[in-house]
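Notes follow once the structure below has been shown.
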Amino acid sequence: MSLMELNLSNEEYLSEKYLKHMVLDFVQMHHFMREPLVFDHGEDIWVWDVKGEKYLDGISGVWVTSLGHSNKRVIEAVKAQLDNLIFASPILSTNTRAIELVEMLGQIMPEGLTTIKILSGGSEATETAMKLVRQYFDQTGRPHKKTIISRYLNFHGVTLGALTATGMANRKAPFEPLCGGFRHIAPPYCIRCPYNLTYPECDVLCARFLEQAIIYEGPDNVAAFMAEPIQLSTGNIVPPEEYWPIIRQICDKYDVMIILDEVATGMGRTGRWWGSDTFNFVPDVLCMGKGMAAGYMPLSGVAFRDEVAQVFISEDNERAFADGHTYGGNPIACAAGIAVLQELHDRNLVECCNQMGQYMMKRLEDLKEFGVVGDIRGAGLMIGIEFVQNSETMEPFPGELNFGVRVGRNCILNQHMLIRYAPNWVALAPPFIVTEIEIDEMVSRLGQAIIAVLAQVRG
Ligand code: PLP
């Protein structure tokens, strides 16, 4: 057999002949092959497709490329590591870069979260976190503490455990039956309150209900409450400020751990190092991913307290944490992670993210003049814009109109700006190196897309 070398033309990259052999994430390939997007190179906050068209990366890939697409320090660190050591067996050893990364992360983690298991993807992190708390309770004389309570509308990944914790029916339906031992409660979604209450008169019932859920399930059976600090995949839903402190209190009362899914919000995305800093509490277990190596390598991790780590340290092999992934702690990925941390720290980029996020929020207010922007929300450079039919009553557009999807598609295809979209919202999350001028440009392109879709809808 000979291996055929490919030397494809730009047209060929876009042709169905090749694309039909691909499967993208959550993407209907039938539609994709009609309007394919194939990128070839990138620089700073810009990427170019194979036709040579230039796009603004308004969503950092998927909340990932916080340093943009051409950071010299990270590229050099990865190249140097390739010449040094490319792999170290995770079942026999660790490696110098992994040790350094864990120590450096320890310096920026929420207080006390000093033990870190390094992994490669966000779903690996959330899955590992849930297994960690279950084995922890198993080995501390509370073997019935297994139930994980999470929230409707949250997203925690696609492996079967992470998907079971996820609260989005459309993501889960094809894979039922999922795992046992999971329950869900309502999310904090003030403008569409699931209890039909109004903040602050509601007394943050969505947080207080967790106590009732733990009592119903039996505190001896509940291991953890898992949630995202800001709900990303449903348009950056931000809880009221009391939400997380109330959750912390309830979890302490019933010896239930908080697993905070910071896969998207972590590593500075909210304008602070962690979403938990933004909401002023410390979780028991923190999952990180996405921005951790800023797209230069796959990298994720789970951080937890030393008291938890100690439960796995023993003469008995069977008490070791029974979990691992082949690429966890890979030295090239860890070298990228170290360089990302250094860049974020030395260039004060988390504060830049905070400042630019505030600027972007302010500029986005201009879009309210179209009468269809109901809510602009988020923290740092993760901002969601919810569209409504009537911004006085907040009445949503009919689902079949797909207003947000149309705005998002228009942004990408006509305005050449990458954006995340859903039927009722779009989200922006540019790299932390974005400038005010580039933010002005993003807001202007989003405005043009809204105008174009309104013209279609209103005739
Ligand atoms: N958790 C959250 C909050 C996410 O947004 C995602 C991905 O979007 C994941 C977990 C899963 O991460 P991954 O796609 O790297 O497996």
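Atoms within a ligand are numbered from 1 in the order they appear, just like the ligands themselves. As a basis for the values below, the full set of heavy atoms in this structure was taken, side chains included, without hydrogen atoms, waters or symmetry mates. Here the structure is a predicted model, which is why all the values come from computation and not from measurement.
Electrostatic pairing of K20 and E16 does not count as a salt bridge here, judged by no charged N lying under 4.0 Å from a carboxylate O. The existence of a salt bridge linking D346 and R73 is confirmed by a sub-4.0 Å separation between a basic side-chain nitrogen and an acidic carboxylate oxygen.
Pocket lining of ligand 1, defined as residues with a non-hydrogen atom under 4.0 Å away: G121, G122, S123, F155, H156, G157, E228, L232, D261, V263, K290.
Ring geometry for F225 versus W244: interplanar angle of 30 to 60°, hence tilted.
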Identify each donor-acceptor pair in which a side-chain atom of residues 320-328 lies under 3.5 Å from a protein atom, sequence neighbours left out, and give them as a table.
| unit_1 | atom_1 | unit_2 | atom_2 | d |
| --- | --- | --- | --- | --- |
| D323 | OD1 | K131 | NZ | 2.7 |
| D323 | OD2 | T128 | OG1 | 3.0 |

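Judged by a 6.0 Å distance limit and a 45° cone about the ring axis, R248 is not positioned over the six-membered ring of F279.
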Worked verdict on Y55 versus F39 for ring-ring contact (aromatic ring centres under 6.0 Å, His included): CA-CA 10 Å; Y55 293 75; F39 287 116; 5.3 Å; yes
